[in-house]
Amino acid sequence: MRTMKLKLHVWRQENRNSQGRMETYTIEGVNEHMSFLEMLDVLNEKLIKEGKEPVAFDHDCREGICGSCGMVINGRAHGPWYKTTTCQLHMREFKDGDEIYIEPFRASAFPVIKDLVVDRSAFDRIIQAGGYVSVNTGGVPDANAIPIGKETADQAFEAATCIGCGACVATCKNASAMLFVSAKISHLGLLPQGQPERMQRVLDMVAQMDKEGFGNCTNTGACEVECPKGISLVNIARMNYDYFKAQLKK
Amino acid sequence: MAKLESKIPEGDISTKWSKHKSKIKIVAPHNKRKYKILVIGSGLAGASAAASLAELGYNVHCFCYQDSPRRAHSIAAQGGINAAKNYRNDGDSVFRLFYDTIKGGDFRAREANVHRLAEVSVNIIDQCVAQGVPFAREYGGLLDNRSFGGTQVSRTFYAAGQTGQQLLIGAYQALSRQINMGTVKMHARKELLEIVIIDGKAKGIITRDLENGKIERHFGHAVVLATGGYGNVFYLSTNAKNSNATAIFRAYKKGACFGNPCFTQIHPTCIPVSGDYQSKLTLMSESLRNDGRVWVPKNKDDKRAPNQIPEEERDYYLERRYPAFGNLVPRDVASRAAKERCDAGYGVGQSKMAVYLDFASAIMRYGRIEANKQKLDNPSDADIKRLGKGIIKEKYGNLFEMYEKITDENPYEVPMRIYPAVHYTMGGLWVDYNLMTTIPGLYALGEANFSDHGANRLGASALMQGLADGYFVIPYTIGDYLADEPTTEITTDHPAFIDAENAVRNRISKLLSINGTKTVDEFHRALGKIMWDYCGMARNKEGLEYARKEIQKLREEFWREVKVLGKNETFNQSLEKAGRVADFLELGELMVIDALHRNESCGGHFREEYQTPEGEALRDDDNYCYAAAWEYAGDNNDPILNKEPLTFEYVKLTQRSYK
Ligand code: SF4
Ligand code: FES
């Protein structure tokens, strides 16, 4: 088992309105089997003992599914591992003496709340604008009354695995939310259940996305590379197709 | 003494629910919007309840501590959701699902509730499909199923290893639709810290805004708790880091009885602990036991790599001990069997506290089927293996990836190492048939209540229960209470609101003023260790008595030595944790008291003194065939035990056997 000493540069910011700054901490005895967040836990325990406020960061499931965690690690959203959330990154990636830069997901639509914690409620508002099938509880047909080909079901499932973490926005130079929005458009648009509202949905969700202040997509593809769930750019193409069609129909 | 009125409807079990629905009071449509309902929690139970109640016309407010309702811990459920659809034509039925659940719970659940759960299970699948939940399909376009532990039929619907995520997103979308229509007001990043009781009824809550510390009062005609379980009492569990018991524990301290607090589920297949910095444990879905075979070496201290150990020197102990169910025995049975082997010295890995879960034979089996399908002539072993891996990847790909990220080992090549870990709590607030606690107007749904799983929950039943309670039970039963309540709102200047707010403020000031020497996590880890060692997979009188004293000491030390920095008025995660751990320190003791009083073994509650000669749980139906509902009696008194006798009219009380 390897242990290491690291120098951490961490973004500290009191609240929404205050100025932030990078602070430097050294930490010793980091075990290679630790997760990245466990390393931050160790840092926080040390800070508390020294009477300093611990570093705030969002996290919950710590198994890559809830989408709470997210930080920019050495310039990359969720750090260096491919298809991996921050909570699943492990310290064996690093070596003794490394310096690590840790910053929040930055975008004007994601204001910093404290340290590494940002406000991603814009994502919720985009879903609220139309990211659903309008059915009430009860009175629906038998589940097998709607056969769906395996391939279609699998494609819809893949789009639906988006965890709403916001790495796609944080990594995009335009802070575009297209990958996130298109994942939902695809998930529902591919399925028969999503057809009746398909055109209205894309118009409403895109309008909300613009209203929230996310930037435009210029097809750099950076989002796909950093997305921890491997959400594909194909979804953006599908969404653009639907969007133009819906506009023509308007 | 609290009065436990279970309100089980009369009549034959198969008609109880439908008759009850047609008989209970309902609120007229034009009156519904005059009733404000507070739903706490936005997981499967909370989100589905909030959305369905709003669709009916109620004025709903929904609260969650996360930054978005989509992050509730239901999202992490992997394997699947049960429903008695009998799409496989393999003899499944509502009765069989009911029977399996009662038996799986080792006869410590209420028959009427469980039967209702089995009945509505079929509606859940229809509902989710209509919402666009992308369940796994067969090539013909119909829904696919897999098998789970404790059953001999295939009734589990799934979406790869992310079923919880897909179901929660479905409920979240339904909730989002209502938020958009203005029928639900969502309060994210707000945590319930107190429940307000007026004239004996739940009439509101006090919350803390986690971003700025604002303490708020909220009135509601009814309060619905859907806040999940309390596995985090153990510090290390598969629960999300922030999952907590504060809402249900505040309810307990306000007079709601706590049902069977010691019934904890230790899940057999989790990634073992790797070091003392460990912050949480990760589950490997039970669905893996469909295809994985569990084994340890036959020889103690076998130092060989698993692939070097020949077949005849392996002990497939589940297949050996339980030939009828094999690797698919219920969770409590599988967990104890793993512990037994490791305690006897046959464990594997560095810590020796692990067993193998091996996919090698499944890979070859699937590979051969695939080779046949593809009409390959004389496929080589390597070809078969490659094809088989592809199938396994399709079924469990995300789980295998997760395993590899955590352990740095490739489970397609070497068997997984697994060990049991705390996963779920069957105990929770005692509720009647309408899901109401012993406080009128206060409801508990999903894992937060005690009702459906007895002493052991079967796999793929948690998602089923959360959604049953939220989509199909509470929307009916809440009307029975509200119909008699005045529509007028009580002002939040009422003395009960002021008192509750003051209690919250005092507690926060106290936590911030101690400024001791130990962090909140240090206390939490210490509590977790006591609980795991003495109130975990095996318990005995002596250990439990010792644990109770240790917890009391730890609690006393906590209120003297805890160090919480910062202020209330900021985003303060240490303060959040401190409040939750303070409650765990009391709840842990209640769990121990319950475990100590139950002089029998049943399901996940295994008292070493009470076992059969083969080491199976030995129930005592003459003396303990009841649900224990504990009533708070003040900080300096022992809680009062109330008993709800359980009667079994439709499933005969027998010793559970999976042999
Ligand atoms: S598309 Fe990927 S990066 Fe963007 S929110 Fe979804 S999971 Fe995160
Ligand atoms: S903490 Fe849930 S995805 Fe990282």
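Because only heavy atoms are used, hydrogens play no part in the values below, and waters and symmetry mates are left out as well, while side chains stay in. Sequence lines set the chain letters: A, B, ... in the order given, protein chains first and strands last, and positions in each chain run from 1.
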Chain A shares the most heavy-atom pairs under 4.5 Å, among Gln162(B), Glu138(B), Glu211(B), with Glu211(B)
Under 4.5 Å to a heavy atom of chain B? For Glu14(A) that would be side chain
For the student: nearest non-hydrogen atoms of His187(A) and Gly132(B), plus distance: NE2-O, 2.8 Å
Hey, what do you get for CG (Asn180(B)) to OH (Tyr132(A)), rounding to the nearest 0.5 Å? 4.0 Å
Short side-chain to backbone donor-acceptor contact, Tyr172(B) and Ile127(A), under 3.5 Å: no
Residue among Glu151(A), His59(A), Met39(A), Lys83(A) with most heavy-atom pairs under 4.5 Å to chain B: His59(A)
Is it the side chain or the backbone of Ile48(A) that comes within 4.5 Å of chain B heavy atoms, both, or neither? both
Measure Leu188(A) against the heavy atoms of chain B and call it side chain, backbone, both or neither at under 4.5 Å. side chain
Under 4.5 Å to a heavy atom of chain A? For Asn242(B) that would be both
Within a 6.0 Å radius of atom OH on Tyr476(B), are there more than 12 heavy atoms belonging to other residues, nucleotides or ligands? no
Check the pair Gln173(B) / Lys184(A) against side-chain hydrogen bond (donor to acceptor under 3.5 Å, both in side chains), numbers first and verdict last. CA-CA 10 Å; Gln173(B) 288 174 188; Lys184(A) 187 51 57 191; 2.6 Å; yes
What part of Asp41(A) lies closer than 4.5 angstrom to a heavy atom of chain B: side chain, backbone, both or neither? side chain
Contact part of Ala188(B) toward chain A, heavy-atom cut-off under 4.5 Å: side chain, backbone, both or neither? neither
With only heavy atoms counted, which part of Leu190(A) is less than 4.5 Å from chain B, the side chain, the backbone, both or neither? neither
What part of His90(A) gets within 4.5 angstrom of chain B, counting heavy atoms only: side chain, backbone, both, or neither? side chain
Keeping Asp126(B) on the side-chain end and Ala143(A) on the backbone end, is there a donor-acceptor pair under 3.5 Å? yes
Please classify the contact between Thr152(A) and chain B as side chain, backbone, both or neither, with a heavy-atom cut-off of under 4.5 Å. neither
Could you look at Ser121(A) and say if it's the side chain, the backbone, both or neither that has a heavy atom under 4.5 Å from chain B? neither
Structural part of Glu569(B) lying under 4.5 Å from a heavy atom of chain A: neither
Where does Ser48(B) contact chain A at under 4.5 Å (heavy atoms): side chain, backbone, both or neither? neither
Between Glu522(B) and Lys49(A), is there a salt bridge with N-O shorter than 4.0 Å? yes
Answer yes or no for Lys114(A) and Phe571(B): cation-pi contact, defined as NZ/CZ to six-membered ring centre under 6.0 Å and angle to ring axis within 45°. no
To the nearest 0.5 angstrom, please state how far the NZ atom of Lys280(B) sits from the CG atom of Asp60(A). 8.5 Å
Name, in order of residue number, those residues of residues 197-208 of chain A that have a heavy atom at a distance of less than 4.5 Å from a heavy atom in chain B; otherwise write 'none'. none
Distance, nearest 0.5 Å, that separates CD of Glu45(A) from OG1 of Thr519(B): 3.5 Å
Quick check: do Ser279(B) and Arg62(A) have side-chain heavy atoms less than 4.5 Å from each other? yes
Using a 4.5 angstrom heavy-atom cutoff, name the option from Gly131(A), Gly130(A), Ala156(A) with the most pairs to chain B. Gly131(A)
Whether Lys85(B) and Asp142(A) form a salt bridge (side-chain N of Lys/Arg under 4.0 Å from carboxylate O of Asp/Glu) is what I want to check. yes
CD (Gln350(B)) with more than 12 external heavy atoms under 6.0 Å: no
Contact part of Asn515(B) toward chain A, heavy-atom cut-off under 4.5 Å: side chain, backbone, both or neither? neither
So, do Thr84(A) and Glu401(B) sit near enough that their side-chain heavy atoms are less than 4.5 Å apart? no
All heavy atoms of Ser274(B) vs all of His33(A), minimum pair found to be OG-CB, 4.3 Å
Contact winner vs chain A - Asp521(B), Leu283(B), Ile406(B), heavy-atom pairs under 4.5 Å: Ile406(B)
In terms of heavy-atom proximity below 4.5 Å to chain A, should Leu281(B) be classed as side chain, backbone, both, or neither? backbone
Is a side-chain donor or acceptor of Arg71(B) paired with a backbone partner of Gly67(A) at a separation under 3.5 angstrom? yes
Which portion of Arg125(A) sits near chain B, non-hydrogen atoms under 4.5 angstrom: neither
Side chains of Gln78(B) and Glu63(A) in contact at under 4.5 Å (non-hydrogen atoms): yes
Counting only heavy atoms closer than 4.5 Å, note whether Thr570(B) contacts chain A via side chain, backbone, both or neither. side chain
Restricting to non-hydrogen atoms, name the atom on Val133(A) and the atom on Arg177(B) that form the minimum distance, rounded to 0.1 Å. O-CD, 4.4 Å
Going by the rule salt bridge (charged side-chain N to carboxylate O under 4.0 Å, His left out), which residues pair with Arg155(B) if we only count those two or more places apart in sequence or in a different chain? Asp92(B), Asp100(B)
Heavy-atom contact with chain A under 4.5 Å, split by part of Ser68(B): both
Segment of Ile169(B) engaging chain A (4.5 angstrom heavy-atom cut-off): side chain
Hey, which of Phe157(B), Tyr139(B), Tyr87(B), Tyr471(B) has the most heavy atom pairs under 4.5 Å with chain A? Tyr87(B)
Measure Gln127(B) against the heavy atoms of chain A and call it side chain, backbone, both or neither at under 4.5 Å. both
Side-chain donor-acceptor contact under 3.5 Å, Arg16(A) with Asn212(B): no
Checking Gln278(B) against chain A: side chain, backbone, both or neither under 4.5 Å from a heavy atom? both
Taking the side chain from Glu55(B) and the backbone from Thr137(A), do they hold a donor-acceptor pair closer than 3.5 Å? yes
Heavy-atom distances under 4.5 Å only: say whether Ile179(B) touches chain A with side chain, backbone, both or neither. side chain
Minimum heavy-atom distance Ala153(A)-Phe135(B), with the two atoms named: CB-O, 4.2 Å
Applying salt bridge (charged side-chain N to carboxylate O under 4.0 Å, His left out), can you list everything that pairs with Asp58(A), at least two apart in sequence or on another chain? Arg120(A), Arg189(B)
Does Gln573(B) use its side chain to pair, donor to acceptor, with the backbone of Phe57(A) at less than 3.5 Å? yes
Name all residues meeting the salt bridge (charged side-chain N to carboxylate O under 4.0 Å, His left out) criterion together with Asp124(A); count only those two or more places apart in sequence or in a different chain, and write none if there are none. none
Just how far is it from atom CD of Gln193(A) to atom CD of Gln131(B), taken to the nearest 0.5 Å? 10.0 Å
Heavy-atom side-chain proximity of Asp119(A) to Asp67(B) below 4.5 angstrom: no
What part of Asn31(A) gets within 4.5 angstrom of chain B, counting heavy atoms only: side chain, backbone, both, or neither? side chain
Which region of Val55(A), side chain (C-beta onward) or backbone (N, CA, C, O), has a non-hydrogen atom less than 4.5 Å from a non-hydrogen atom of chain B, or is it both or neither? backbone
Proximity breakdown for Glu38(A) and chain B, heavy-atom pairs closer than 4.5 Å: side chain
